[in-house]
Amino acid sequence: MNTSGFNPFEMAQAQFDSVADQLGLDQSVRDLLRNPLREYQFSIPIHMDDGTTKVFRGFRVQHNDARGPSKGGIRFHPAETIDTVRALSMWMTWKCAVVDIPLGGGKGGVICDPHNLSAKEQEQVCRTWVRQLAKNVGPLSDVPAPDVMTNAQHMLWMLDEYEHIHGGHFPGFITGKPVGMGGSLGRTEATGYGTVFTIREALKELGIRPSDTTASVQGFGNVAQYAIELYEQLGGKVICVSSWDQSDQKAYSFVKKEGVSLKDLQGITDRFGGIDKAKAAELGYDVLDGDIWIEQEVDILIPCALENQITGDTVKKISKKVKIVAEGANGPTTPAADKILAERNIFTIPDFLANAGGVTCSYFEQVQSNMNYFWEKDDVLSRLDLKMTSAFIAVSELARKRKLYMRDAAYVIAIDRVAQACRDRGWV
Ligand code: GLU
């Protein structure tokens with residue numbers, strides 16, 4: 001989101017430019033890749049339950065589809081901007097390339113707050129979003145998915161609208177569908193679990209046992225909850241989570257030094273990941289300021305909220321004990337903070353690698369939908385582990401060999417693959 005003058009697209013372009021220099025990319029390739037191929041902006045008029053009509057703003061950006069159909073989520077957020085969607089669509093291109101799945105990058109959004117919309121109103125937002133784009137998206141061109149504040153139900157409404165318009169069944173139009181309606185087992189867990197697969201590999205490389213580590217997590221939505229679940233299964237202890245409080249319009253941190261209880265917290269959390277402060281205090285949590293998550297004396301920080309969270313200011317609060325930052329969120333670290341993480345030798349697992357589990361499982365969902373044959377959950381998760389682990393190893397080997405920061409190594413691999421696809425197609 002665009003807060004305090006922060007522009008995520010400028011940040012994504014700056015990251016790209018610096019790797020383009022290192023790769024010595026031709027000017028034409030740079031010109032093609034530093035901007036989206038296509039973008040759509042449109043209005044979404046909705047008849048509200050109270051009889052009024054409200055007009056929302058919708059977006060879809062297709063950054064690049066040289067390696068396959070554009071792929072990426074749709075988020076509903078009151079602070080959504082076209083530049084946020086542009087940045088996220090570019091990061092999707094790198095994400096699909098770094099895990100080497102045959103998809104490009106796209107992203108969509110609607111400026112709205114689903115907290116304040118009834119189910120009927122949300123359904124209309126979904127259906128109108130699809131109506132506005134019906135000719136520009138599809139299984140062979142651009143495949144949406146869930147993102148911040150969108151879920152399987154939203155995806156099903158969108159699929160239903162698309163199928164009404166085009167006549168027929170097109171399960172490959174969208175991923176993150178409900179299980180039993182073309183969805184894949186493991187999709188809900190995939191992003192958070194994928195982040196922890198990369199943390200497990202980073203710990204191996206550092207020679208640290210997961211059971212000797214502690215972590216602090218920013219956010220308590222879908223990504224955070226499943227990251228905590230798997231990290232705890234590996235023996236790690238989470239001592240702090242933070243979450244957004246809708247009524248106060250600010251974030252709070254929930255600290256328990258002996259370890260948070262995922263089940264207890266899930267029991268007092270709304271469907272958007274907002275934890276009930278009063279109930280948390282009753283359960284013995286210290287309820288503190290939202291920024292406290294970053295100051296915890298832990299081994300691992302896992303930002304799983306939004307962009308622009310580890311900044312030039314907040315990075316100074318990171319404890320000396322922290323060894324790994326695993327970016328479950330997209331774009332949580334600004335370039336100024338990134339420089340400091342690199343100088344401090346913190347092992348950073350960059351967003352488009354750390355959170356690639358979601359889109360990797362989306363790819364599996366498409367494969368299963370196309371075959372109309374659905375895999376067991378263990379099968380999905382072991383394939384996910386394999387993809388995430390091999391992508392992690394390729395990036396960390398390159399980082400070691402060329403003495404690169406992890407983010408730069410991941411960018412080198414991803415940009416190189418996309419640039420090559422553009423050249424092979426004769427685009428540049
Ligand atoms: N929204 C998720 C992401 O940012 C998943 C995208 C997808 O599955 O297409 O990676």
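When a ligand or atom number is given, it counts from 1 through the structure's own listing order. Below, all heavy atoms of this structure are taken into account, side chains as well, without hydrogens, waters or symmetry copies. Please read these numbers as outputs of a predicted model, since none were measured by experiment.
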**Study point:** Shortest non-hydrogen contact from W244 toward Q249
**Key:**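 Heavy-atom minimum between the residues: CH2-O, 3.3 Å.
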Looking only at non-hydrogen atoms, find the nearest pair between I46 and V125 and report the distance.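 So the minimum-distance heavy-atom pair works out to CD1-N, 3.5 Å.
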Next item on the list: From the options T175, D142, D65, T93, select the one residue that forms a side chain to side chain donor-acceptor pair (under 3.5 Å) with K71.
Entry: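 Between K71 and the candidates, side chain to side chain donor-acceptor pair (under 3.5 Å) is satisfied uniquely by T175.
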Any protein N/O atoms within less than 3.5 Å of an N/O atom in ligand 1? List the atom names and distances, or say none.
{"from": "ligand 1", "atom 1": "1 (N)", "to": "P146", "atom 2": "O", "distance (Å)": "2.9"}
{"from": "ligand 1", "atom 1": "1 (N)", "to": "D147", "atom 2": "OD1", "distance (Å)": "2.6"}
{"from": "ligand 1", "atom 1": "4 (O)", "to": "K95", "atom 2": "NZ", "distance (Å)": "3.0"}
{"from": "ligand 1", "atom 1": "4 (O)", "to": "K107", "atom 2": "NZ", "distance (Å)": "3.0"}
{"from": "ligand 1", "atom 1": "4 (O)", "to": "D147", "atom 2": "OD1", "distance (Å)": "3.3"}
{"from": "ligand 1", "atom 1": "4 (O)", "to": "N330", "atom 2": "ND2", "distance (Å)": "3.3"}
{"from": "ligand 1", "atom 1": "8 (O)", "to": "R187", "atom 2": "NH2", "distance (Å)": "3.0"}
{"from": "ligand 1", "atom 1": "8 (O)", "to": "S362", "atom 2": "OG", "distance (Å)": "2.5"}
{"from": "ligand 1", "atom 1": "9 (O)", "to": "K71", "atom 2": "NZ", "distance (Å)": "2.7"}
{"from": "ligand 1", "atom 1": "10 (O)", "to": "K95", "atom 2": "NZ", "distance (Å)": "2.7"}

So, Y405 versus D338: side-chain donor-acceptor pair below 3.5 Å or not?
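D338 and Y405 do have a side-chain donor-acceptor pair below 3.5 Å.
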Is it true that the NZ or CZ of K250 lies under 6.0 Å from the centre of Y252's six-membered ring and within 45 degrees of the ring axis?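 Flagged: K250 positioned over aromatic ring of Y252.
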Who pairs with H164 by ring pair (Phe, Tyr, Trp, His ring centres under 6.0 Å), at least two apart in sequence or on another chain?
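Not a single residue meets the ring pair (Phe, Tyr, Trp, His ring centres under 6.0 Å) criterion with H164.
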